[in-house]
**Q** 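The structure under discussion is supplied below as C-alpha cells; questions concerning it will follow.
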Amino acid sequence: MFPVDKIRADFPILKREVNGKPLVYFDNAATSQTPQVVIDAIVDYYSNSNANIHRGVHTLSQEATDLYEKARLKIQKHFNAKESYEIILTSGTTASINMIASGFSDLLITGDEIIVSALEHHSNIVPWQMLCEKTGAVLKVIPMLQNGTLDIAAYDEILSDKTKLVFCNHVSNALGTINPIKEIIEKAHKVGAAVLIDGAQATPHIKPDVQELDVDFYVASAHKICGPTGVGVLYGKSAWLEKLPPYQGGGEMIETVTFEKTTYAGLPHKFEAGTPNICGGIAFGVALDYMNTIGFDAIAAYEHELLQYGTGKLQEIDGLTIYGTSDKTAVISFNIEGIHPYDIGAILDKLGVAVRTGHHCAQPIMNFYNIPGTVRASFAFYNTKKEIDVLVASVKKAAMMLG
Ligand SMILES: *Cc1c(COP(=O)(O)O)cnc(C)c1O
C-alpha cells in the first residue's frame with residue numbers, strides 16, 4: 001500500500017486550514033507543495049553555507065560550490081543525461097525555453113519552419129512567434145483531436161526538410177494528456193530537425209530518460225517537483241549546447257575578458273551568467289532525492305488510482321464534462337453545463353478546496369473546445385481519496401447553488 005499518511009506528514013502546509021476548512025490542495029499542476037526536507041535544506045543553506053560559488057578560495061565558497069555542483073549531478077542522474085555539463089541550471093521552464101529560442105535566432109533563416117503542438121502552454125508559443133518574427137521562419141502547428149491528443153497524421157504532413165525545430169510538451173498542463181514524444185522525436189530526427197520537450201508538467205509524475213528519448217533539449221521547473229520556485233533545468237545534448245551562442249553576458253560565463261575580445265567559458269557555465277539561485281539549485285537536488293526515495297513508479301501507480309477514482313465520482317454529476325480523456329497524468333479538467341468555471345472555483349475555495357480555473361495559459365485549447373476555460377483539479381502523490389470525496393461533494397454543492 002502507498003504510505004500516503006506518512007508522506008502527508010512530510011508536508012507542513014497540508015496541516016493548515018483555509019476559510020475554516022482543512023486545506024484540500026488540488027492545484028499541483030500550478031505548483032507542488034514543499035516537503036520538510038526541502039524547507040530544511042533551504043534554511044540550512046542560509047544558516048550555514050551561504051556564499052558565492054566558483055569564485056572564492058575561502059572555505060564557505062568552496063562548500064557552497066560543492067553543494068551546488070552535487071545538486072547538478074543529482075539532476076544529471078535523475079534525467080539520465082550523459083554528461084553533467086549538459087545540465088544547465090536556469091530560473092525555470094520559461095527561462096529555459098527562451099534560452100533555446102534566443103539561441104536559434106542565429107541559426108534560422110527565412111523559410112525555415114518551426115513546429116509547435118496545439119496543446120502548448122503560452123510560454124511555449126510566444127517565444128517561437130517572436131523567433132519567427134525575428135528570423136522570417138514560419139510557425140506550423142500540430143492540430144489536436146477531440147480526446148485531447150495530437151493529430152500525428154497531420155504532424156507527418158507538416159514535417160519536411162524545412163523543419164528545423166519541433167516543440168511539444170511531454171504532458172499538457174491544461175488537460176494532463178501524455179503526448180507520444182518518442183514518436184514525435186524520432187520523426188523529427190528523420191528530417192534533421194531538433195526537438196525541445198517541455199517537461200514541466202510531466203516531471204512531477206514521470207522520470208524522463210533523455211538518452212533513451214534521444215531528445216535534443218528537455219526543460220522543467222523545480223517548483224512543480226517539490227522544489228522551490230525560481231529554479232529549473234535545461235538539458236541539452238552537448239553538441240547542441242556547443243553550437244548555440246550564450247544567452248546572457250556576465251560573470252561566470254566568461255573565460256577571459258579584454259575590451260577587444262571575450263572568450264566564453266565551457267559548458268555549463270557558458271549558459272549560467274551571473275550568480276545563480278544557489279540555494280534553489282541545492283534544494284532542487286534535495287527535492288529530487290525525496291521523490292526518488294518514494295519512487296516514480298509508486299507515485300504514478302498511486303496517482304493513477306486517484307485519477308480513476310476522481311474521474312468516476314465526478315462523472316456521476318449531472319451536466320459535467322471532462323476534457324482530455326486519453327492516456328493522462330492525474331489531472332481532471334472539467335466544466336458543468338451552464339456554469340462559469342470561475343464561479344465553481346470561488347465556491348470551492350470557500351470550502352477549502354484549491355483548484356485552478358480559467359484557460360490555464362493554454363487559450364488555443366479552450367478555443368478548440370469553444371469554452372472560456374475549465375475547472376482543473378490536479379492531484380499529487382500526497383493527495384487522498386478522502387480529499388477527492390470533499391472535492392466531489394463541494395462541486396455538487398456549487399452546482400446546486402449556481403445551477
Ligand atoms: C508550468 C508550466 C510552464 C511554465 O513553467 P514556469 O515554472 O512558470 O517557468 C511551462 N510549460 C508547462 C507545460 C507548464 O506546466
Side-chain angles (χ1 to χ4, degrees), residues 25-34 38 75 79 88-102 116-130 141-142 144 148-150 166-181 184 195-206 208 213 215 217-235 247 271 276-277 280-281 283-284 287-288 303 323-324 327-333 354-366 373-374 376-380:
Y25 187 75
F26 284 154
D27 194 18
N28 294 288
T31 202
S32 55
Q33 292 304 345
T34 318
V38 172
I75 299 165
F79 288 90
I88 313 293
L89 284 153
T90 69
S91 68
T93 301
T94 304
S96 300
I97 291 170
N98 276 281
M99 271 185 184
I100 302 301
S102 159
V116 299
S117 94
L119 291 170
E120 296 313 312
H121 189 278
H122 293 164
S123 71
N124 226 6
I125 301 172
V126 182
W128 312 121
Q129 285 172 331
M130 288 162 63
V141 180
I142 313 172
M144 62 180 283
T149 58
L150 290 172
V166 176
F167 299 96
C168 183
N169 52 36
H170 191 166
V171 165
S172 155
N173 74 301
L175 305 176
T177 45
I178 302 169
N179 290 313
I181 58 166
I184 288 170
V195 182
L196 163 56
I197 297 294
D198 173 354
Q201 210 54 244
T203 41
H205 317 284
I206 298 166
L213 288 168
V215 66
F217 305 101
Y218 193 99
V219 299
S221 294
H223 71 92
K224 291 184 181 169
I225 336 172
C226 295
T229 55
V231 64
V233 60
L234 159 59
Y235 160 79
Y247 180 54
F271 291 102
N277 182 350
F284 185 7
L288 289 178
E303 288 177 345
Y323 302 94
D327 191 18
K328 63 180 187 173
T329 57
V331 171
I332 305 181
S333 215
V355 293
R356 186 67 149 229
T357 65
H359 53 60
H360 316 298
C361 298
Q363 264 168 353
I365 300 178
M366 303 304 137
T374 68
R376 182 188 68 186
S378 50
F379 310 139

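Counting convention: from 1, in listed order, for ligands and their atoms alike. Please read these numbers as outputs of a predicted model, since none were measured by experiment.
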**Q** Heavy-atom contact under 4.0 Å between E120 and ligand 1?
**A**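 Not so, E120 does not reach ligand 1.
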
**Q** Return a yes/no value for Q201: is any of its N or O atoms, backbone included, closer than 3.5 angstrom to an N or O of ligand 1?
**A**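 Indeed, backbone or side chain, Q201 has an N or O that close.
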
**Q** Need the ligand 1 atom indices (1-based, order shown) with element for anything under 4.0 Å from a heavy-atom of T93.
**A**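 Close to T93: 5 (O), 9 (O), 10 (C).
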
**Q** Counting from 1, what ligand 1 atoms have a heavy atom of S221 closer than 4.0 Å?
**A**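 In order of numbering, the contacting atoms are 5 (O), 6 (P), 7 (O), 9 (O).
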
**Q** Using the six-membered ring wherever Trp is involved, compare the ring planes of H122 and H359 and label them parallel, tilted or perpendicular (cut-offs 30° and 60°).
**A**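 Tilted, since the angle between the ring planes falls between 30° and 60°.
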
**Q** Measure the distance from atom 4 (C) of ligand 1 to every protein heavy atom, then report the residue, atom name and distance (to 0.1 Å) of the closest one.
**A**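 Answer for atom 4 (C) of ligand 1: T94 OG1, 3.7 Å.
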
**Q** Checking side-chain contact (heavy atoms from CB on, under 4.5 Å) between E120 and each of N173, I365, N169, which is the one that passes?
**A**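 Testing each of N173, I365, N169 against E120, the sole residue satisfying side-chain contact (heavy atoms from CB on, under 4.5 Å) is N169.
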
**Q** Under 6.0 Å from the CZ atom of R356, do we count more than 12 heavy atoms belonging to anything else shown?
**A**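 For R356, atom CZ is not crowded (no more than 12 foreign heavy atoms under 6.0 Å).
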
**Q** From the options V195, V116, I197, I97, select the one residue that forms a side-chain contact (heavy atoms from CB on, under 4.5 Å) with F167.
**A**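 The option that passes is V116.
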
**Q** Counting C-beta onward and ignoring hydrogens, is there a side-chain heavy-atom pair between T177 and Y323 closer than 4.5 Å?
**A**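 Not in contact.
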
**Q** In terms of relative ring orientation, are Y218 and H170 parallel, tilted or perpendicular, with 30° and 60° separating the classes?
**A**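 Ring orientation of Y218 relative to H170: perpendicular.
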
**Q** When you measure from atom 2 (C) of ligand 1 to every protein heavy atom, which one gives the shortest distance, and what is it?
**A**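 Residue, atom and distance for the closest contact: K224 NZ, 2.4 Å.
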
**Q** Quick check: does D198 get an N/O under 3.5 Å from an N/O on ligand 1?
**A**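 Looking only at distances, the answer is yes, because the N/O contact criterion of under 3.5 Å is met.
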
